[in-house]
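Computed from a prediction, not measured in an experiment: that's the story for all the values here. Just so it is clear, the values below take in all heavy atoms, side chains as well, and ignore hydrogens, waters and symmetry mates.
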Amino acid sequence: MSATLPALYPLRTDPVYRHYIWGGNRLGPLLGKPPGPNGTLAESWEIADEARVAGGAWHGHTLREVDEATGGALTGDSPHYPNARLPILIKLSDSAQNLSVQIHPNDEQALSMEPDSGYPGKTEMYLVLAAEEGAGVYWGLREGVSPEQLEQACRTGWGVPDLLHFVPVKPGDVLYSPSGVVHAIGEGIVYCEVQQNSDITFRLFDWGRVDTDGKPRPLHLEKALAVLDVTKQKTKPIQPLTFPTERHGVTRTMLCACRYFAVELLEFFADESAPTSAGA
């Protein structure tokens with residue numbers, strides 16, 4: 001790279017693909033993603049440390065490299081973490097099977113429980129893009145269910161789904177999942193996920209399945225129960241907020257906003273432009 005750094009411009013990326021046992025085969029026909037060796041693809045990481053710029057002067061460089069070379073021009077004043085430089089991760093995902101029942105810690109818990117990881121806690125949101133009939137998300141403990149009941153069910157492997165709310169979903173639904181909430185994305189859903197850039201997941205229950213080596217994936221029951229927040233277990237899809245705009249060909253809708261990210265939907269119905277800077 002030359003001593004004079006290229007100017008930044010709207011960056012398009014080559015995604016990073018992830019193949020997990022619960023992945024499906026719909027990211028290809030719906031969103032043009034390449035299938036893996038077994039014909040499935042679980043996740044396409046669109047914005048990630050490892051995602052490389054496609055085209056322009058920064059072509060071939062990862063987003064993390066661009067951010068570091070420009071002194072944080074992509075992330076601004078957002079906090080940086082040793083192993084997760086970019087503060088957010090944006091994925092497209094396809095669940096052909098239920099994901100594990102899991103909980104994520106908040107920032108303080110992540111620092112105390114996983115200090116060597118360099119990762120923060122994990123707050124997430126999901127925008128449902130496609131859903132099979134009857135699909136939904138296991139999300140939060142049912143009224144009256146105690147942590148002790150959840151622990152017993154997880155240890156025996158019996159009745160865990162019966163302790164959780166099942167929330168049916170449809171395309172366009174937005175779900176917000178802060179730290180401390182028990183949740184599992186159900187089968188038959190294609191969704192866009194925006195999350196804190198963290199790889200800390202505490203699994204409670206994995207539906208009795210095994211990996212390609214015939215072994216069950218690790219569970220983290222004690223840590224999961226330690227970060228369970230019983231005050232956050234009543235959950236449902238949130239109602240997006242559409243803003244009035246002077247541009248007749250543009251609709252702006254805030255899908256989700258929290259201290260870690262804000263996700264806005266811009267719909268263009270005519271030849272029109274709209275500012276995208278943080279101050280817009």
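- The hydrophobic clustering, which links ILVMFWY residues whose side-chain heavy atoms are closer than 4.5 Å, places Leu92 and Ile189 apart.
- Looking only at side-chain heavy atoms (C-beta outward), Tyr260 and Asp107 come within less than 4.5 Å of each other.
- Put simply, the side chain of Glu65 does not reach to within 4.5 Å of the side chain of Val53, judged on heavy atoms.
- Here the side chain of Asn197 pairs a donor or acceptor atom with the backbone of Leu86 at under 3.5 angstrom.
- Annotation: side chain of Leu8 is in contact with side chain of Leu74 (closest heavy-atom distance under 4.5 Å).
- Pairs engaging residues 20-39 under the ring-ring contact (aromatic ring centres under 6.0 Å, His included) rule: Tyr20-Trp22 [sequence neighbours left out].
- Inter-residue side-chain proximity for Trp207 and Val101 is flagged as met; some heavy-atom pair is nearer than 4.5 Å.
- Residues Ala57 and Tyr9 share a closest heavy-atom pair of N-OH, 3.1 Å.
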Identify each donor-acceptor pair in which a side-chain atom of residues 131-138 lies under 3.5 Å from a protein atom, sequence neighbours left out, and give them as a table.
none

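- Linking Ile, Leu, Val, Met, Phe, Trp and Tyr whenever their side-chain heavy atoms come within less than 4.5 Å leaves Met113 and Leu111 in two separate clusters.
- When the side chains of ILVMFWY residues are joined at heavy-atom separations under 4.5 Å, either directly or via intervening members, Val263 and Leu89 end up in two distinct hydrophobic clusters.
- Shown are Gln195, Gln196, Glu124; of these, the side chain to side chain contact (heavy atoms under 4.5 Å, CB included) with His104 is made only by Glu124.
- Hydrophobic clustering (side-chain heavy atoms under 4.5 Å, transitive across Ile, Leu, Val, Met, Phe, Trp, Tyr) keeps Ile90 apart from Val16.
- Shortest non-hydrogen contact noted between Cys258 and Thr123 is SG-CG2, 4.3 Å.
- Tyr191 and Phe261 fall into different hydrophobic clusters, where Ile, Leu, Val, Met, Phe, Trp and Tyr are joined by side-chain heavy atoms under 4.5 Å apart, directly or via other members.
- Residues satisfying the side-chain hydrogen bond (donor to acceptor under 3.5 Å, both in side chains) test with Asn98, not counting sequence neighbours, are none.
- Gln109 places a side-chain N or O within 3.5 Å of a backbone atom of Asn106 that can act as its donor or acceptor partner.
- Without hydrogens or angle criteria, Ser198 side chain to Tyr119 main chain gives no donor-acceptor distance under 3.5 Å.
- Leu163 has its side chain out of reach of Val182: every pair of non-hydrogen atoms, C-beta onward, lies at least 4.5 Å apart.
- Grouping Ile, Leu, Val, Met, Phe, Trp and Tyr residues whose side-chain heavy atoms lie under 4.5 Å apart, directly or via other members, places Phe243 in a hydrophobic cluster with Leu241, Met254.
- Every salt bridge (charged side-chain N to carboxylate O under 4.0 Å, His left out) that Glu114 has, sequence neighbours left out, goes to Lys223.
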Only distances under 3.5 Å count here; give the side-chain donor-acceptor pairs of residues 25-44 to other protein atoms, sequence neighbours excluded, each with its distance to 0.1 Å.
| from | atom 1 | to | atom 2 | distance (Å) |
| --- | --- | --- | --- | --- |
| Arg26 | NH2 | Gly188 | O | 3.0 |
| Lys33 | NZ | Glu46 | OE1 | 3.4 |
| Lys33 | NZ | Glu46 | OE2 | 2.9 |
| Asn38 | OD1 | Thr40 | N | 3.2 |
| Asn38 | OD1 | Thr40 | OG1 | 2.8 |
| Asn38 | ND2 | Thr40 | OG1 | 3.3 |
| Glu43 | OE1 | Trp45 | NE1 | 2.8 |
| Glu43 | OE2 | Lys91 | NZ | 3.4 |
| Ser44 | OG | Glu46 | OE2 | 2.5 |

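- Taking 4.0 Å as the cut-off between side-chain N and carboxylate O, Arg64 and Asp67 do not count as a salt-bridged pair.
- Interatomic distance, OG of Ser179 versus CD1 of Ile200, reported as 11.0 Å (0.5 Å rounding).
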